[in-house]
Every structure is written in C-alpha cells, then in structure tokens.
Amino acid sequence: MAVAENVALVKERIERALERAGRKPGDVRIVAVTKTATVETARELLQNGITHLGENRSNEFLHKYAAIGKEAVWHFIGTLQSRKVKDIIDYADYIHSLDRLSLAREIDKRAKRPVPCFVQVNISKESTKHGILEEETLPFIEKLAQYPNIKVEGLMTIAPYTEDRGLIRSVFRRLKKLQETVQRQSYPFAPCKELSMGMSNDFEIAVEEGATFVRIGTLLVGENKGVRR
Ligand SMILES: *Cc1c(COP(=O)(O)O)cnc(C)c1O
C-alpha cells in the first residue's frame, strides 16, 4: 500500500477511536516513526500531512534531519545515551525517553532552551524495557525541578507486545492515572499535558485511554527500508 493510503487509514482509525471515547476530533497527533524508512518515504509522509517524525537512533535522526530540516517537528523516541545528547539536542523538538537523572543532567547542560521531555515509565515492569517504575515516577519528576532546561511535557510508555488487549489497556490506563497524579502537583516545570502511548499494534486502545501522541511506524511505512513505499 502507498504511504498516502496508509496515512488515510491510520487517521480514520484514530478518529473512530476518539469518537468511541467521546474525545474531540483531532485530539491526537501522529508521530510517524521513520526508523525503518528512507528519507524519500519520510518526505512522502510530510506531503501527506504528517508533520511529526520520530527516530530512535541518533545517527539516523541526524541523517533524516540533515535531509529534511525544520519542515518537520522532530521527536527522539528511543533510548538516548548521554554521550549522544549533544549531537541531537539542538534539533529535537521533543524527547520521549527521559528515564534517568544522569540523562536529565546532560540534557539540561547541553540544551540552549527548555526541552519538552516525556518521562518514560515502565508500567508493565518488563525487564527488557527502559523507564522509571510507576511508583518512582513522582519522586523522579520532583528531582527534575533542579534542571531549568527540562520541561516535563508528559509521560510515555511502551505496552507489552501481547495479544492480551485487556493487559495493554490496563497499562495505558495506569499511565493516564499517573499523569493525573503529576498534574495535581501543579509543578510549573511539569505541566504534563501529553501522553505518548500507542504503536501500530495498539494505538486504538491508547487513543481510547487518553493518548495525545501515538508513535506509529510499521502501519505507515512498512517493516523495512524500501518495502511498501
Ligand atoms: C519503533 C518504535 C515505535 C513504532 O513501532 P511500530 O510498531 O512500528 O508502530 C514506537 N515507539 C518506539 C519507542 C519505537 O522504538
């Protein structure tokens, strides 16, 4: 399927999920994850009205940024090594994977402006996943007050890859609850308005549970470079 059709289909599925949840149309932004896609495919996404692009490795992020530049809004969505922060920090509009204080310190030191960050939470407690544990998230966020260049834009999670839709839903629901807990603190550095959750496999559940950013790769661009353009 062509990119244009993929975009139309994903948008339609999101709008239907919003409707089911009684949410406003257009309440969710799509971050197209282009990590397996070529620059040409990324450009095609832009031509089809997708403005947010996500990459999970600094080299590929820089490669895409060099080719496309400010035409897109750039999301760094993957595990971020502290030593790579200086390479991407001037170009990343959002970082979705803030999961430790040492990373916050490095972002704060290298950034020339407050950077919208998502605190990554490991709700499902899978050992293979990065992220702060649910019960440690609020104390973690409180410690971010010392870093003026960190703005806690929201929370991010990755649901387990499973057929168990109920389990996936409970993960998203718990992230939403946690967001409400953070918001109740009214920390000026942590408005925490956004929820980054939902991927190709589970974005409709995420939208029903309150996602404001979904991160979608496979459904938009296919599995591999060059495939399904
Ligand atoms: C690859 C990736 C996605 C997109 O996954 P798909 O299943 O291809 O939609 C979303 N979030 C993160 C953090 C990723 O690494």
Side-chain angles (χ1 to χ4, degrees), residues 1 3 5-14 17 28-38 41-42 44-45 48 50-65 72-81 84-85 88 92-100 103 116-132 153-165 167-169 171-172 175 194-229:
M1 229 196 294
V3 162
E5 292 163 62
N6 295 348
V7 170
L9 190 69
V10 167
K11 280 189 173 166
E12 194 193 310
R13 287 173 62 182
I14 287 174
V28 171
R29 279 165 287 179
I30 300 171
V31 178
V33 178
T34 46
K35 63 191 183 197
T36 61
T38 60
T41 303
E44 244 182 292
L45 286 162
N48 283 282
I50 299 279
T51 48
H52 295 260
L53 300 182
E55 286 285 338
N56 70 337
R57 292 179 53 233
S58 55
N59 287 351
E60 192 60 29
F61 180 98
L62 291 170
H63 172 66
K64 294 269 186 7
Y65 186 88
V73 179
W74 293 94
H75 296 253
F76 194 92
I77 62 166
T79 306
L80 182 53
Q81 291 172 285
K84 304 281 189 177
V85 167
I88 60 126
D93 296 295
Y94 295 87
I95 294 176
H96 287 242
S97 44
L98 178 53
D99 61 356
R100 56 196 194 278
L103 179 59
C117 295
F118 289 81
V119 172
Q120 183 170 351
V121 186
N122 186 358
I123 296 274
S124 57
K125 289 197 162 82
E126 288 174 282
S127 59
T128 52
K129 290 213 165 85
H130 291 262
I132 308 280
E153 189 80 1
L155 304 179
M156 179 272 216
T157 200
I158 303 175
Y161 193 80
T162 169
E163 292 297 308
D164 184 347
R165 314 302 277 175
L167 176 61
I168 294 173
R169 188 176 296 280
V171 164
F172 293 150
L175 195 71
E194 312 293 344
L195 276 184
S196 168
M197 59 189 196
M199 306 174 25
S200 291
N201 184 48
D202 55 22
F203 70 96
E204 285 154 307
I205 306 173
V207 170
E208 288 169 10
E209 297 302 329
T212 61
F213 284 96
V214 290
R215 310 177 309 270
I216 301 184
T218 313
L219 267 188
L220 291 173
V221 303
E223 304 266 3
N224 294 111
K225 278 190 204 288
V227 173
R228 234 216 250 172
R229 299 261 309 277

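FYI, side chains are in, hydrogens and waters are out, and symmetry mates aren't considered; it's all heavy atoms of this structure. Indexing begins at 1, ligand by ligand and atom by atom, following the structure's order.
Where the criterion is an N or O separation shorter than 3.5 Å, residue side chain and backbone included, N201 fails it with respect to ligand 1. The shortest N/O to N/O separation between L219 and ligand 1 does not fall below 3.5 Å.
Looking at atom 5 (O) of ligand 1, its nearest protein heavy atom turns out to be M199 CE, 3.5 Å. Atom 11 (N) of ligand 1 has its closest protein heavy atom at R215 NE, 2.9 Å. At the top of the distance list for atom 13 (C) of ligand 1, counting protein heavy atoms only, stands I77 O, 3.5 Å. In this structure, the protein non-hydrogen atom closest to atom 9 (O) of ligand 1 is S200 OG, 2.6 Å. When hydrogens are left out, the protein atom nearest atom 8 (O) of ligand 1 is T218 OG1, 2.5 Å; that is the closest non-hydrogen contact.
Ring planes of H52 and F213: perpendicular class, angle over 60° (limits at 30 and 60°).
You'll find the ring centres of W74 and Y94 outside the 6.0 Å limit.
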#### Entry: From CA spacing to verdict: side chain to side chain donor-acceptor pair (under 3.5 Å), S97, Q120
CA-CA 5 Å; S97 44; Q120 183 170 351; 4.9 Å; no

### Task
Would you check, one step at a time, whether the test salt bridge (Lys or Arg N to Asp or Glu O under 4.0 Å) holds for K35 with E55?
CA-CA 5 Å; K35 63 191 183 197; E55 286 285 338; over 6 Å; no

### Message
Evaluate E126 against T128 for side chain to side chain donor-acceptor pair (under 3.5 Å), listing each step before the verdict.
### Response
CA-CA 5 Å; E126 288 174 282; T128 52; 4.6 Å; no

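Between the CG atom in L155 and the CZ atom in F118 there is a gap of 8.5 Å [rounded to 0.5 Å].
R169 has its side chain within reach of E208: a pair of non-hydrogen atoms, C-beta onward, lies under 4.5 Å apart.
Residue K35 touches ligand 1 through its side chain alone, judged by heavy-atom distances below 4.0 Å.
Residue I216 approaches ligand 1 through these ligand atoms, each under 4.0 Å from one of its heavy atoms: 9 (O).
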